[in-house]
Amino acid sequence: MTWVVLTALFLAPSALPASWQYYIYSPASVGLWMLAMLCGPVIAVFLKWNWIRHG
């Protein structure tokens with residue numbers, strides 16, 4: 001579910017005017033998005049580990 005939300009947030013600005021898309025899809029924001037895609041699920045599992053273990 002974390003990846004679905006991050007992907008939706010990444011694709012949402014595509015509806016904006018083309019002049020704004022450069023700022024939304026800048027190399028820094030894409031790098032932060034990729035970092036979130038790698039670290040987000042790990043952080044979510046770490047925070048919910050007790051719930052995952054005990055159901």
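Just so it is clear, the structure is predicted and the values come from calculations on it, not from any experiment.
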Please determine whether residues M34 and L11 belong to a single hydrophobic cluster, defined as Ile, Leu, Val, Met, Phe, Trp and Tyr linked transitively by side-chain heavy-atom distances below 4.5 Å.
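In one cluster: yes.
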
Considering only residues two or more places apart or on different chains, which pairs with a residue in residues 33-49 satisfy side-chain hydrogen bond (donor to acceptor under 3.5 Å, both in side chains)?
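Qualifying pairs: none.
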
Residues in ring pair (Phe, Tyr, Trp, His ring centres under 6.0 Å) contact with W3, at least two apart in sequence or another chain:
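W3 satisfies ring pair (Phe, Tyr, Trp, His ring centres under 6.0 Å) with no residue once adjacent residues are dropped.
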
Among all residues two or more places apart in sequence or in another chain, which pass the side-chain contact (heavy atoms from CB on, under 4.5 Å) test with [X]?
| X | result |
| --- | --- |
| S29 | S26 |
| P17 | S19, W20 |
| L32 | none |

Minimum heavy-atom distance between A36 and P41, given as atom pair plus value
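Scanning both residues completely, I find the closest heavy atoms to be O-CD, 3.9 Å.
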
Within a radius of less than 6.0 Å around CE of M37, do more than 12 heavy atoms belonging to other residues, nucleotides or ligands occur?
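Above 12, so yes.
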
Using a side-chain heavy atom cutoff under 4.5 Å and only I, L, V, M, F, W and Y, what cluster partners does F46 have?
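Joined to F46, directly or through intermediates: I43, L47.
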
